[in-house]
Amino acid sequence: MIQTRLGILGGGQLGAMLIQSGIGMGISISVLEADAHAPCALYATSFVHGDPMRYEDVIAFGQDVDVITIEKEAVNVAALKALRDQGKKVFPSPEIIGMVQDKYLQKTFLQQNGVPVVPGVLIAEKSELAAAVQSLPACLKLCRDGYDGRGVMMIRNQDDIRDAFDAPSVLEEFVSISEEISVIVARSEQGEVRFYDAVSMVFDKEKHILDYQLCPARISEQVSRKASDLAIAVAEALDLVGIVAVEMFVTEQGEVIVNELAPRPHNSGHHSIEACITSQYEQLLRAVLGLPLGDTDTQAASVMVNIIGKADIGSNLSQSVRSLYSLKDVHVHWYGKKERAGRKLGHVTIKNADITLALNTAASVRKTLND
Ligand code: ADP
């Protein structure tokens with residue numbers, strides 16, 4: 001039916017779930033990835049060993065595909081621009097990718113488009129930090145290459161200033177967060193827009209890593225409307241083709257502020273595989289292949305728990321994961337990655353019409369995984 005050759009830069013679990021949703025669309029999916037054992041190696045039509053950050057690798061990869069998308073932001077933007085000049089379709093645009101690669105550029109873009117963000121200043125080098133700190137605590141974020149909380153540190157005192165990152169960073173005011181939420185928006189080349197219900201992301205306060213996530217989010221209808229309006233405004237301002245996860249903070253005063261953008265499939269949309277009519281993965285394929293966008297309605301409440309590698313590698317994590325298959329309402333996704341402390345190895349989605357029951361099951365899933 002559709003004979004497009006799609007290329008994905010990055011071969012992790014997000015790419016693998018994209019491939020999973022592309023089965024049945026009659027497309028071929030090639031993946032460019034540096035790690036020969038990455039999840040997509042098992043499933044891609046063609047798994048090309050190369051570095052998505054390397055100009056030559058991306059150019060060579062692009063010759064055999066018609067449409068290119070990403071599953072991570074760490075890719076070579078100049079090469080994507082050159083491929084677009086050759087007539088390849090590149091979604092999201094290289095300009096969007098280049099902008100989100102840098103937290104300061106991202107903040108500036110959002111501010112210029114009237115989107116509320118956490119006030120912040122650029123710290124070009126560590127020596128500028130002490131003078132720039134207006135009040136404590138504050139939050140310092142590396143401009144580039146931070147993810148899953150690596151690259152974020154709280155500045156509470158002089159010792160933290162001394163031990164701060166020594167690379168270009170953004171110094172942000174500390175926000176009293178009442179809820180962290182995410183809204184995923186899809187937008188097509190024709191400007192058709194669909195958004196998903198907001199999800200709440202519950203973080204481990206120490207590690208700044210997601211503990212679990214639930215949908216519908218723990219917010220009022222009014223806050224939910226504000227959040228989806230903002231997320232749609234972001235997608236329009238980006239002139240996006242594809243999907244974007246808009247991560248937001250809800251403050252104790254009920255304000256909604258954008259924290260960061262991810263113009264690709266996102267952890268906060270894993271639940272959409274089981275809990276929404278169209279998953280974020282299928283939606284991205286629809287958007288980049290020029291198909292009508294799908295219905296984003298939520299069919300049932302859900303809780304999503306990441307499976308994270310433990311410090312004690314000799315633990316019986318895989319045994320615990322096997323035991324989850326016996327639980328009702330539980331959908332296990334195991335990425336087939338090598339176990340390493342702190343690494344996302346899989347996720348579990350618990351789906352139930354009743355969010356309280358889903359949360360109860362999630363509590364036993366988390367206990368099983370943490371024991
Ligand atoms: P990453 O790109 O690593 O996910 P984030 O910008 O999302 O980094 O920050 C990680 C976490 O740190 C957030 O989820 C939030 O809990 C906390 N955080 C980030 N910025 C602030 C801030 N300005 N004030 C208070 N907490 C923050």
With a 4.5 Å limit on heavy-atom distance, are the side chains of [X] and [Y] in contact?
{"X": "Q299", "Y": "E274", "answer": "no"}
{"X": "V234", "Y": "L261", "answer": "yes"}
{"X": "Y212", "Y": "L359", "answer": "yes"}
{"X": "D197", "Y": "S224", "answer": "no"}
{"X": "N316", "Y": "D371", "answer": "no"}
{"X": "Q63", "Y": "Q86", "answer": "yes"}
{"X": "T298", "Y": "Y196", "answer": "no"}
{"X": "K81", "Y": "V77", "answer": "yes"}

Q | K337 atom NZ: more than 12 heavy-atom contacts under 6.0 Å | A |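 Yes, the 6.0 Å shell around NZ holds more than 12 heavy atoms from other groups.
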For the NE2 atom on H49, are there more than 12 heavy atoms of other groups (residues, nucleotides or ligands in this structure) within a distance under 6.0 Å?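 Yes, enclosed.
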Quick check: closest heavy atoms across [X] and [Y], and the distance to 0.1 Å?
{"X": "L9", "Y": "P52", "value": "CB-CB, 4.3 Å"}
{"X": "I355", "Y": "L214", "value": "CD1-CD1, 4.0 Å"}
{"X": "E252", "Y": "S178", "value": "CG-CB, 3.9 Å"}
{"X": "S302", "Y": "H271", "value": "OG-CB, 3.4 Å"}
{"X": "M248", "Y": "V183", "value": "CE-CG2, 3.7 Å"}
{"X": "S21", "Y": "S279", "value": "CB-OG, 4.4 Å"}

Under 3.5 Å, side chain of [X] to main-chain N/O of [Y], donor-acceptor pair present?
{"X": "E71", "Y": "G12", "answer": "yes"}
{"X": "R264", "Y": "I70", "answer": "no"}
{"X": "R5", "Y": "D64", "answer": "yes"}
{"X": "E180", "Y": "F249", "answer": "no"}
{"X": "E173", "Y": "V118", "answer": "no"}
{"X": "S326", "Y": "L324", "answer": "no"}
{"X": "N352", "Y": "A358", "answer": "no"}
{"X": "T251", "Y": "E255", "answer": "yes"}
{"X": "E236", "Y": "I232", "answer": "no"}

What is the distance from atom [atom1] of [X] to atom [atom2] of [Y], rounded to the nearest 0.5 Å?
{"X": "E33", "Y": "C40", "atom1": "CD", "atom2": "SG", "answer": "7.5 Å"}
{"X": "I308", "Y": "L369", "atom1": "CD1", "atom2": "CG", "answer": "9.5 Å"}
{"X": "I257", "Y": "L230", "atom1": "CD1", "atom2": "CG", "answer": "10.0 Å"}
{"X": "L285", "Y": "I243", "atom1": "CG", "atom2": "CD1", "answer": "9.0 Å"}
{"X": "L317", "Y": "N370", "atom1": "CG", "atom2": "CG", "answer": "9.5 Å"}
{"X": "I59", "Y": "L80", "atom1": "CD1", "atom2": "CG", "answer": "8.0 Å"}

Note: with side-chain heavy atoms under 4.5 Å as the link, the other cluster members for L293 come out as none
Output yes when [X] and [Y] qualify as a salt bridge under the 4.0 Å nitrogen-oxygen rule, no when they do not.
{"X": "E172", "Y": "K107", "result": "yes"}
{"X": "D329", "Y": "K351", "result": "no"}
{"X": "E192", "Y": "R194", "result": "yes"}
{"X": "D57", "Y": "R54", "result": "yes"}
{"X": "R150", "Y": "D145", "result": "no"}
{"X": "K226", "Y": "E221", "result": "no"}

For residues [X] and [Y]: do they belong to one hydrophobic cluster (side chain heavy atoms under 4.5 Å, members Ile, Leu, Val, Met, Phe, Trp, Tyr)?
{"X": "L129", "Y": "L142", "answer": "yes"}
{"X": "V199", "Y": "I350", "answer": "no"}
{"X": "L6", "Y": "V65", "answer": "no"}
{"X": "L210", "Y": "V305", "answer": "no"}
{"X": "V117", "Y": "Y104", "answer": "no"}

Would you say the side-chain atoms of [X] and [Y] include a donor-acceptor pair closer than 3.5 Å?
{"X": "E179", "Y": "S200", "answer": "yes"}
{"X": "S220", "Y": "Q222", "answer": "no"}
{"X": "S268", "Y": "S182", "answer": "yes"}
{"X": "D295", "Y": "T278", "answer": "no"}
{"X": "K344", "Y": "Q13", "answer": "no"}
{"X": "K141", "Y": "N259", "answer": "yes"}

Can you list every pair that meets ring-ring contact (aromatic ring centres under 6.0 Å, His included) and has a residue in residues 328-361, with sequence neighbours left out?
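Found H270-H347, H333-H347, Y335-H347.
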Quick one: do I273 and Y281 satisfy side chain to side chain contact (heavy atoms under 4.5 Å, CB included)? Show the steps, please. CA-CA 8 Å; I273 295 175; Y281 303 98; 3.7 Å; yes
| Passes side chain to side chain contact (heavy atoms under 4.5 Å, CB included), I155 versus L136? Steps please. | CA-CA 7 Å; I155 305 288; L136 293 172; 3.8 Å; yes
- Under the salt bridge (Lys or Arg N to Asp or Glu O under 4.0 Å) criterion, do E95 and R84 qualify, and how do the steps go? CA-CA 11 Å; E95 288 74 16; R84 185 180 54 191; 2.8 Å; yes
Between K103 and E260, does the side chain to side chain contact (heavy atoms under 4.5 Å, CB included) criterion hold? Intermediate values first, please.
CA-CA 8 Å; K103 288 202 180 196; E260 65 173 346; 3.4 Å; yes
Next on the checklist: I'd like to know whether I8 forms a side chain to side chain contact (heavy atoms under 4.5 Å, CB included) with L14, so could you lay out the CA-CA distance, the side-chain angles of the two residues, the decisive distance to 0.1 Å, and finally the verdict.
Outcome noted: CA-CA 10 Å; I8 308 173; L14 298 169; over 6 Å; no
Exercise for review: Under the salt bridge (Lys or Arg N to Asp or Glu O under 4.0 Å) rule, what do E339 and R343 come out as? Steps first, then yes or no, please.
Suggested key: CA-CA 7 Å; E339 203 168 328; R343 198 173 199 201; over 6 Å; no
